[in-house]
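Here is how names work: the chains are called A, B, and so on, in the same order as the sequence lines, proteins then strands, and each is numbered from 1.
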Amino acid sequence: MTVRTRFAPSPTGYLHIGGVRTALFNWLLAKQAGGQFILRIDDTDAQRNQEEALQPILDGFRWLGIDWDEGPEVGGPHEPYFQSARLEKYQDAAKVLLDKGLAYRDYATTAEMTAEREAAEKAKQEFVYSRTWMAETDQQAKAFEAEGRSFVVRLKMPREGKCEFEDKIVGDVSIQWGTEADHAIQRADGTCLYHLANVVDDADFGITHVVRGIEHLSNTPRQIFIAQGLGYELPIYAHIPYVAEPGSKKKLSKRKIAEYLNNKDFKRLYQSGAEIAERIGLEIDPATFNPVLVDFYEKTGFNPDAVVNYLLLLGWSLDDKTEEFSRESMLEHFSLERVVKSAASFDPQKLVAFQGRYMNDVPLKKKTPRCARFLEKASVIQTPIECDQVAMLKQIIEAAGDRIAMAGDILNFDDFWKEDETLEYNDKAWQKRMVKPENAGFLIGELKKVLAEAPEYTASDLETVIKDFCETQGIKIGDIIHALRVSVTGKAAGFGMFDTLAILGREKVVNRITLALQKLADEKTGSTAV
RNA sequence: GGCCCCUUCGUCUAGUGGUUAGGACACCGGCCUUUCACGCCGGUAACACGGGUUCGAGUCCCGUAGGGGUCACCA
């Protein structure tokens, strides 16, 4: 049997990370068995601009490297893959169900239905439709129509016995048929609803495994009822727990971002992303710029493999220690049996930790263009980047090491590119390292002379030069290096000092020191004058 | 409220009757060090509760509590 799985998003304009995890599990299951993963668009209800709302979803999957064998843009033997274009099939199915007496025309108005439902709720009883407006014969139908009523098609659910099925994750499920409502499968306007469309398409596409969120578990009996009524073979069901909010067990929702921002880890992730977004002139729209959505990670320079690896482990594990999975190894080891039964909270810190590890393994050659993209977008450098700039960027990236966790972090090290005159000094660092130490100005002044004449601007040569200088002056390297850092970068922290100087080069180093000394002198005379 | 599901360190998890309850992220301490990181070493920290069954229970059974999902002419 060829394994065929599917993911069926509605075109909503965004890709939720919980959805990605579900899609990933489906993808893994199909691909590891040499089967197919299908993308189907559940747009039976959509009235909005679908083209536009679908694109971010497709882009998101492409970015993550989750490819589909059949579906939008790639086609396939069961076209179309849009439910909005498959209406006839559903209508035919509804007719079969009607003919078999497994569904009926229901002439109740919305108000009448609501009234019954509310009465049941008030009586604290389970709602069971009275079927007062049920029409099973044309004669009954005519009578209702004479009253000016219109109908929807409802499933005529059994009211005795149990629906039993095996779920690969939940286990054996048994639900009383009587607790199942007569769900509508076709609207008054003739269009069809999710349950019907879903079952018809799954059968039509030859889906063998239905792997979806646990919120669909309660939908399963009625879908089984439909499938059996239509004479379909049942797929294998697997309902995976939802992804929960950081620090709680509630379902993760993109709409609750304001609330999540109260969580310090979530906030930190969001802010680091927002800083990058701001620098590159991206609109920070909560509809798309949100760590709950995949877009966020693409925009801030995450590594898609890191995101996928993290998501894989959110609800699945191989053993007690393996955490790093390449696509190959996840395809080799994934199994539904090892999916965890309880909801897993989204942990921003751990995602970032995965990202850090993955970024470290990215070779310089690949890291450079990724970082360059951000510098270009932020207009720190020109587009396209010039050749000698590439060389400098490489030096910066190499020296920065794992201080660049996501590609967008390169923007933290933009002071190399700035004009010396526009360099900004961190006030606290300036005060502490330049103003406060009595002899900082003097030492930096002396060091400038040495640096101006240093034979070569490589990190190791500069280290020798500066160490010699310290010996001559009878000071420790710590006595001078902080002031030097502030002078040439304006910041209190950064990567290796000798690397920094080497990247900057003689001209900039000397020039920046001159400017810093000037600033210091200005401030001192200024303060004595007052 | 009805129906259904879940419950091991703060978080993700390992664990299928006998373990000093293991790992990872985070946190704390130390080392390294020119700062910030990295790295290395070490540490704190969990079986929701109550009954059974058993020589023995995180593991099996029952109950309680807590958390959550779902109840549309949405998907």
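Note on A:S317: a side-chain N or O is less than 4.0 Å away from OP1 or OP2 of B:rA14. Within the 4.0 Å cut-off from OP1 or OP2 of B:rC6, at least one side-chain nitrogen or oxygen of A:K341 is found. For the pair A:R338 and B:rG15, the criterion of a side-chain N or O lying under 4.0 Å from OP1 or OP2 is met. The side chain of A:K251 places an N or O atom within less than 4.0 Å of a non-bridging phosphate oxygen (OP1 or OP2) of B:rU70. Taking side-chain N and O atoms only, A:R357 has no distance below 4.0 Å to OP1 or OP2 of B:rA24. In this structure, A:R154 reaches the B:rC73 phosphate: one of its side-chain N or O atoms is under 4.0 Å from OP1 or OP2. Note on A:S345: a side-chain N or O is less than 4.0 Å away from OP1 or OP2 of B:rC12.
If you check every strand for non-hydrogen atoms under 4.0 Å, A:E121 touches nothing. Note on A:A344: only backbone sugar-phosphate atoms sit closer than 4.0 angstrom, heavy atoms only; bases stay farther off. Heavy atoms of A:G494 sit under 4.0 angstrom from at least one base atom. Residue A:F495 is in base contact, counting any heavy-atom pair closer than 4.0 Å across all strands shown. Note on A:N219: a base of the nucleic acid sits closer than 4.0 angstrom, heavy atoms only. Using a 4.0 Å heavy-atom cutoff across all strands shown, A:V352 reaches no nucleic acid atom at all. Residue contacts shown for A:H216 include a base, since a base heavy atom lies under 4.0 Å away.
Side chain to side chain, A:T109 and A:E112 meet the donor-acceptor criterion of an N or O pair below 3.5 Å. Side chains of A:T44 and A:R187: a donor-acceptor N/O pair is absent below 3.5 angstrom, by distance only.
Projected onto RNA chain B by closest heavy-atom contact, A:P9 and A:R403 fall at different nucleotides, the more 5' of which corresponds to A:R403. Where A:S10 and A:G478 meet RNA chain B, the nucleotide closest to each residue was compared, and A:G478 sits on the side nearer the 5' end.
We find that CD of A:E215 is positioned 17 Å from C1' of B:rG67, with the value rounded to whole Å. Computed from coordinates, the A:K432 NZ to B:rC36 C1' distance equals 12 Å when rounded to whole Å. Spacing between atom OH of A:Y310 and atom C1' of B:rC25 amounts to 9 Å, rounded to whole angstrom units. Between A:H183 atom NE2 and B:rC74 atom C1' the separation is 11 Å, expressed in whole Å.
Side-chain proximity of A:F498 to the nucleotides B:rU34, B:rC4, B:rC36 is greatest for B:rU34. Side-chain proximity of A:K350 to B:rU11, B:rA72, B:rA24: nearest is B:rA24. Comparing B:rU34, B:rU13, B:rG69 against the side chain of A:M497 picks out B:rU34 as the nearest. Among B:rU11, B:rC74, B:rA14, the nucleotide with an atom closest to any side-chain atom of A:D347 is B:rU11. For A:I175, taking side-chain heavy atoms from C-beta onward, the closest of the listed nucleotides B:rU35, B:rA75, B:rC4 is B:rC4.
Cation-pi contact between A:R357 and A:F354: present, with separation from the ring centre below 6.0 Å and deviation from the ring axis of at most 45°.
Of all nucleotides present, only B:rG10 satisfies the Watson-Crick or G-U wobble test against B:rC25, with each distance under 3.5 Å. Searching all strands for a Watson-Crick or G-U wobble partner of B:rA45 with both distances below 3.5 Å returns nothing.
Using a 4.0 Å cut-off between a side-chain N of Lys or Arg and a carboxylate O of Asp or Glu, A:D204 and A:R86 qualify as a salt bridge.
For B:rC38, the base is syn relative to its sugar; the glycosidic angle is within 90° of 0.
Residue A:N219 forms a side-chain hydrogen bond (donor to acceptor under 3.5 Å, both in side chains) with just one option from A:E215, A:Q223, A:R222, and that option is A:R222.
Between atom CD of residue A:E118 and atom CZ of residue A:F127 there is a gap of 10.5 Å, rounded to the nearest 0.5 Å. Atom OH in A:Y270 sits 14.5 Å away from atom CG in A:N263 (nearest 0.5 Å).
Taken residue by residue, residues 243-250 of chain A places heavy atoms nearer than 4.0 Å to RNA chain B at A:K249, A:K250.
Residues passing the side chain to side chain donor-acceptor pair (under 3.5 Å) test with A:N262: none are found, sequence neighbours excluded.
Proximity of a side-chain donor or acceptor of A:Y104 to a complementary backbone N or O of A:W133 within less than 3.5 Å is not detected.
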